[in-house]
Number of protein chains: 2
Amino acid sequence: MPSTKDKIVQLADEHIRKNGYNAFSYSDIAKTLKIKNAAVHYHFPAKTDLAEAVIHWHIENFENFKERLREKDELLQVKTFLNFYNSIQLSGKICAVGAFATDWNSMPQSAQDQVRIFSELIIDWLTEVLEAGKEKKLLTFDAPPRTEALKIITNMFAATQLARITNSDDFADVKNAVIEELTI
Amino acid sequence: MPSTKDKIVQLADEHIRKNGYNAFSYSDIAKTLKIKNAAVHYHFPAKTDLAEAVIHWHIENFENFKERLREKDELLQVKTFLNFYNSIQLSGKICAVGAFATDWNSMPQSAQDQVRIFSELIIDWLTEVLEAGKEKKLLTFDAPPRTEALKIITNMFAATQLARITNSDDFADVKNAVIEELTI
DNA sequence: AAAGGTACTTATCAATAGGTAAGTAATCAA
DNA sequence: TTGATTACTTACCTATTGATAAGTACCTTT
């Protein structure tokens with residue numbers, strides 16, 4: 001069973017990615033876990049500590065994700081990456097990077113630094129996967145690998161946000177178009 | 001000189017797109033305009049009224065934007081659209097749709113409806129421009145027009161957010177890659 | 001058995017949030 | 001010239017926010 005501390009991080013993550021960083025409070029979490037407000041402060045003295053922990057959790061998750069995919073071929077790696085965003089969209093959340101980007105200017109630098117590390121981690125990983133996939137003739141694209149990675153990431157990233165507003169077909173359309181373009 | 005009411009809308013827009021919907025308060029606006037809190041409530045009784053006015057303002061702006069570009073060729077229309085996001089990025093803001101998408105679940109339905117109208121307006125416009133541009137052989141792309149429009153919009157949309165986190169070159173790279181891909 | 005840490009609760013706080021009711025000064029229409 | 005309308009201010013209110021200090025119950029370790 002996860003510890004209270006872990007539960008707080010998970011709940012905070014859900015709140016942040018469902019309602020935004022500034023729309024959740026300590027009591028939201030306390031009520032759900034049926035503990036007192038101060039108990040949350042015991043584990044995370046300030047809200048920014050909690051924000052940092054959430055991003056740290058994402059960084060660890062992504063490292064695991066990378067590790068699990070290491071031996072697979074590049075097309076499958078990209079597809080799995082896209083499916084990951086698909087599941088985010090289905091659960092009504094958005095990407096953590098997007099959630100923090102909106103509230104960027106109301107976040108302390110320590111948390112900003114963590115988000116920056118997380119973002120670069122994703123971009124660098126996808127850049128390398130695309131590069132390797134192109135060399136092995138598994139993937140096709142014309143832009144430089146990092147630019148292509150940015151294009152795909154921004155597609156996924158914003159599609160989860162847009163799908164909230166329009167309808168979920170839009171997400172699937174974009175996702176399928178990305179795969180098609182890479183495999184022509 | 002703009003009326004107080006207009007100034008409030010403009011300031012609210014700036015706050016929303018710089019810090020997020022939930023990160024700004026009536027007193028932020030009141031202080032800047034050197035009026036009292038209650039004066040803002042006089043023009044916009046509830047915060048959601050202000051949010052609606054902000055989106056309404058964007059809808060009007062976009063209608064003007066469309067009108068100004070109507071006679072131009074499709075490539076120029078797309079380029080102008082992309083440059084518009086470029087200026088958003090340079091001013092440290094993000095797209096209004098993105099700002100509201102993050103805080104979507106903490107917004108009242110009346111405001112959600114307005115955002116939905118605004119989003120569809122942009123998507124429909126770009127879809128038509130792309131379609132016409134392809135017919136005239138000014139633009140090339142393989143996906144259905146709406147999907148291609150979604151791809152470009154999500155690129156711009158999230159690139160302004162990502163550029164906050166990484167660096168501004170990323171935005172230009174994505175923008176240029178989008179144009180190149182459409183004009184091969 | 002004593003001491004110390006861990007994981008909380010109780011109680012409290014100042015600041016800010018969004019919001020309202022009542023008053024006022026200036027303009028405008030009849 | 002009166003009455004209404006507009007654009008505010010003054011003065012409040014309640015709820016919530018993030019946060020802290022002090023206490024407590026329960027394990028460990030020595």
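Reminder, nothing fancy here: chain letters follow the sequence lines and each chain counts from 1.
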Check the surroundings of atom [atom1] in [X]: do more than 12 heavy atoms from other residues, nucleotides or ligands lie under 6.0 Å from it?
X	atom1	answer
B/Phe84	CZ	no
B/Lys36	NZ	no
B/Lys79	NZ	no

If only atom types and distance count, is the side chain of A/Lys47 paired as donor or acceptor with the main-chain N or O of A/Ser25 below 3.5 Å?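 Side chain of A/Lys47 to backbone of A/Ser25: no pair is present.
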Quick check against the 3.5 Å criterion: does A/Tyr21 have a side-chain atom that pairs as donor or acceptor with the backbone of A/Ala99?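 Not at all, since once roles are kept as given, no pair shorter than 3.5 Å links the two residues.
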All N/O pairs under 3.5 Å across the protein-nucleotides 5-8 of chain D interface:
from  : atom 1 : to      : atom 2 : distance (Å)
D/dA7 : OP2    : B/Tyr42 : OH     : 3.4
D/dC8 : OP2    : B/Thr4  : OG1    : 3.0
D/dC8 : OP2    : B/His43 : NE2    : 3.3

If you draw the axis of the six-membered ring of B/Tyr42, does the NZ or CZ of B/Lys5 fall within 45° of it and under 6.0 Å from the ring centre?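 No, B/Lys5 does not lie over the aromatic ring of B/Tyr42.
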Is NZ or CZ of B/Lys175 both nearer than 6.0 Å to the six-membered ring centre of B/Tyr85 and within 45° of the ring axis?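 Cation-pi check for B/Lys175 and B/Tyr85: fails.
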Return all side-chain donor-acceptor pairs below 3.5 angstrom for residues 48-58 of chain B, not counting sequence neighbours, or 'none' if the list is empty.
from    : atom 1 : to       : atom 2 : distance (Å)
B/Asp49 : OD2    : B/Ala46  : N      : 2.9
B/Glu52 : OE2    : B/Ser110 : OG     : 2.8
B/His58 : NE2    : B/Asp13  : OD1    : 2.5

Any side-chain heavy atom of A/Phe24 within less than 4.5 Å of one from A/Leu11?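 Not touching, per the 4.5 Å side-chain cut-off.
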Going by heavy atoms in the side chains, are A/Glu148 and A/Glu181 under 4.5 Å from each other?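 Yes, their side chains come closer than 4.5 Å.
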Please tabulate, one pair per line, each protein N/O and nucleotide N/O from nucleotides 13-17 of chain C that are separated by under 3.5 Å, including the distance.
from   : atom 1 : to      : atom 2 : distance (Å)
C/dA17 : OP1    : B/Ser25 : OG     : 2.9
C/dA17 : OP2    : B/Ser27 : OG     : 2.8

Need to verify one output field. Residue with the more 5' nearest nucleotide on DNA chain D, A/His41 or B/Val40?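 Nearest nucleotide further toward 5': that of B/Val40.
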At a heavy-atom distance below 4.0 Å, what parts of residues 7-22 of chain B sit against DNA chain D?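 Residues of residues 7-22 of chain B that come under 4.0 Å of DNA chain D do not exist, since none gets that close.
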With side chain to side chain donor-acceptor pair (under 3.5 Å) as the test, pick out the partner of B/Thr154 among A/Asn155, A/Asp170, A/Thr154.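 The single option meeting the side chain to side chain donor-acceptor pair (under 3.5 Å) with B/Thr154 is A/Asn155.
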Run the salt-bridge test on A/Glu67 and A/Arg70 with the 4.0 Å N-O cut-off and return the result as yes or no.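 Looking at A/Glu67 and A/Arg70, the cut-off is met.
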I'd like to check the salt bridge (Lys or Arg N to Asp or Glu O under 4.0 Å) partners of B/Glu120; sequence neighbours left out, ordered by chain and number.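 Only B/Arg146 meet the salt bridge (Lys or Arg N to Asp or Glu O under 4.0 Å) criterion with B/Glu120.
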In whole Å, I'd like the distance from the CZ atom of A/Phe44 to the P atom of C/dC8.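 A/Phe44 atom CZ is separated from C/dC8 atom P by 11 Å.
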Positions of residues 103-115 of chain A (non-hydrogen atom under 4.0 Å from DNA chain C), listed by number: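 Contacts with DNA chain C under 4.0 Å: none.
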